[in-house]
Amino acid sequence: MTLRYGWCDRILKRLAILGSTGSIGRQTIEVVREFPERFQVTALAAGSNLELLAGQARVLKPQYIALGREDLVPRLRELLGDAKIQILTGLDGLITLATLPEVDQVVTAVVGSLGIRPTLAAINAGKSVALANKETLVAAGSIIMAAAARQKATIIPVDSEHSAVFQCLEGRDRNQVSRILLTASGGPFRSYRPEDLEQVTLKQALNHPNWSMGGKITIDSATMINKGLEIIEAHWLFGMDFHRIAVVLHPESIVHSMIELRDGAILGQMGLCDMRLPIQLALTYPERLENSFPKLDPTQGMELHFEPVNTKLFPAIPLAYQVGKAGGSLPAAFNAANETAVEAFRQGRLKFTGIVRIVSEVIGHHQKENFSANPDLDEILEVDNWARATAGKLIELGR
């Protein structure tokens with residue numbers, strides 16, 4: 001869509017933002033408002049934060065909104081007043097927004113496996129996808145990447161780590177790359193002993209030293225299951241075998257990730273802990289536009305530290321490698337069990353150390369089941385449901 005602005009032509013990119021009221025969704029809107037002449041928000045989708053969603057709609061004036069539940073529609077209508085916006089609901093609503101003919105790019109920023117079907121639908125509709133939902137590739141990576149190859153669709157990662165790798169790999173022969181080095185801050189418990197984690201509170205787990213994120217991903221960072229998910233996501237995004245993907249602790253979170261070339265050279269991408277930067281790149285790629293966001297200034301002095309992961313403190317890392325190498329529907333079970341366990345921890349029904357323990361037990365049960373080695377999407381979603389139910393039962397039993 002070409003619109004005329006004064007003397008020049010600009011391409012106005014039309015966006016559907018799925019998960020607009022979450023952390024990534026809100027920051028995506030900040031980027032959009034930074035470049036009002038470049039973006040038009042055609043559609044917004046959110047769960048139940050109606051006041052924030054209505055405020056976003058009043059500013060952005062989308063044509064469509066999708067809500068998590070139909071019973072919330074009357075209240076949203078009340079908040080929107082006379083605004084002429086079509087409201088859809090549920091998973092079908094998300095899929096509709098992801099495939100709208102008038103949308104150029106879909107930002108998938110919903111949390112969890114809910115993102116799988118809308119992302120796949122967007123790809124099959126030929127849309128560019130800015131992917132902030134790592135669970136989609138963890139659970140259904142083979143299906144998603146096969147569809148993207150078939151449709152010649154573009155998937156640009158929004159996660160800071162994968163965006164960094166994406167940038168370091170740009171224009172580079174993959175045969176010259178020895179391995180990917182995903183950096184991890186280590187979260188709030190990097191200096192703890194394993195036995196110290198037994199008494200961790202929700203407040204402590206939500207106190208990330210560097211990043212301001214949503215609750216679920218913050219807890220995932222504290223257990224480092226988030227890094228485990230990123231290992232599996234990197235495998236699919238960049239076509240790297242698991243033995244060529246490593247994790248290194250970097251407490252400052254300034255180097256967002258690195259690649260090592262065959263000759264030993266290491267290339268990294270640096271920047272502040274600001275998700276608006278990878279979001280902007282995903283929206284404007286291959287262009288880089290000047291913005292008003294804070295910039296990293298190396299002349300002010302900085303110290304960068306790197307160290308290996310203590311797998312006794314963070315057993316989620318070796319567990320993720322085990323799951324990723326096994327493949328099939330096991331990664332879907334890994335992700336679903338984690339979502340269930342994290343929610344139980346947030347509700348006070350499970351200790352912090354119980355999160356990885358429950359995930360590990362669900363993995364053990366999965367390996368005893370007769371699940372397909374090459375599952376289709378329906379089978380993956382069936383395993384997703386099975387893993388949630390199994391994790392729920394284990395939590396109820398106090399395991």
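These numbers come from the heavy atoms of this one structure, side chains and all, not from hydrogens, waters or symmetry mates.
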Determine, for [X] against [Y], whether the closest basic-nitrogen to carboxylate-oxygen distance falls under 4.0 angstrom.
| X | Y | value |
| --- | --- | --- |
| Glu260 | Arg244 | no |
| Glu230 | Lys227 | yes |
| Glu195 | Lys312 | no |
| Arg276 | Glu34 | no |
| Glu396 | Arg349 | yes |
| Arg14 | Glu102 | no |
| Asp196 | Arg193 | yes |

query: Would a line drawn from the ring center of Phe189 to the ring center of Phe314 be shorter than 6.0 Å?
result: no
Does some side-chain heavy atom of [Y] sit less than 4.5 Å from a side-chain heavy atom of [X]?
| X | Y | answer |
| --- | --- | --- |
| Asn133 | Thr136 | yes |
| Thr284 | Phe39 | yes |
| Met258 | Val165 | no |
| Met270 | Leu296 | yes |

Tested for side chain to side chain contact (heavy atoms under 4.5 Å, CB included) against Ser163, the lone hit among Cys168, Pro278, Ser257 is Pro278
Tested for side chain to side chain contact (heavy atoms under 4.5 Å, CB included) against Val323, the lone hit among Leu330, Val138, Val359, Ile231 is Leu330
ask   = Does Lys61 reach the main-chain N or O of Arg58 with its side chain, forming a donor-acceptor pair under 3.5 Å?
value = yes
Would you please say whether a donor-acceptor pair under 3.5 Å links the side chains of [X] and [Y]?
| X | Y | result |
| --- | --- | --- |
| Ser128 | Gln105 | yes |
| Asn226 | Lys134 | yes |
| Ser185 | His208 | yes |
| Asn49 | Thr21 | no |
| Asn374 | Ser372 | no |
| Ser113 | Asp384 | yes |
| Glu252 | His305 | yes |
| Asn207 | Gln204 | no |
| Tyr285 | Gln280 | no |
| His366 | Ser329 | yes |

Under a 4.5 Å side-chain heavy-atom rule over Ile, Leu, Val, Met, Phe, Trp and Tyr, are [X] and [Y] clustered together?
| X | Y | result |
| --- | --- | --- |
| Leu18 | Leu44 | no |
| Leu72 | Ile17 | yes |
| Val111 | Leu131 | no |
| Ile87 | Leu100 | no |

Requested in this report: Determine, step by step, whether Asn385 and Glu382 satisfy the side chain to side chain donor-acceptor pair (under 3.5 Å) criterion, reporting the C-alpha distance in whole Å, the side-chain angles of both residues, the deciding distance to 0.1 Å, and the verdict.
Outcome: CA-CA 5 Å; Asn385 290 331; Glu382 179 185 337; over 6 Å; no
| said: Counting only heavy atoms from other residues, nucleotides and ligands, does the tally under 6.0 Å from CD of Glu198 exceed 12? | reply: yes
Q) Do other residues, nucleotides or ligands put more than 12 heavy atoms under 6.0 Å from the NZ atom of Lys295? A) yes
Worked verdict on Lys216 versus Glu135 for salt bridge (charged side-chain N to carboxylate O under 4.0 Å, His left out):
CA-CA 12 Å; Lys216 194 266 183 182; Glu135 295 88 350; 3.3 Å; yes
Across all chains, not counting sequence neighbours, the side chain to side chain donor-acceptor pair (under 3.5 Å) partners of Asp378 are Arg117
Lys325 meets the side chain to side chain donor-acceptor pair (under 3.5 Å) criterion, sequence neighbours left out, with none
Distance col, row Thr390:OG1 vs Ile358:CD1, nearest 0.5 angstrom, shows 10.5 Å
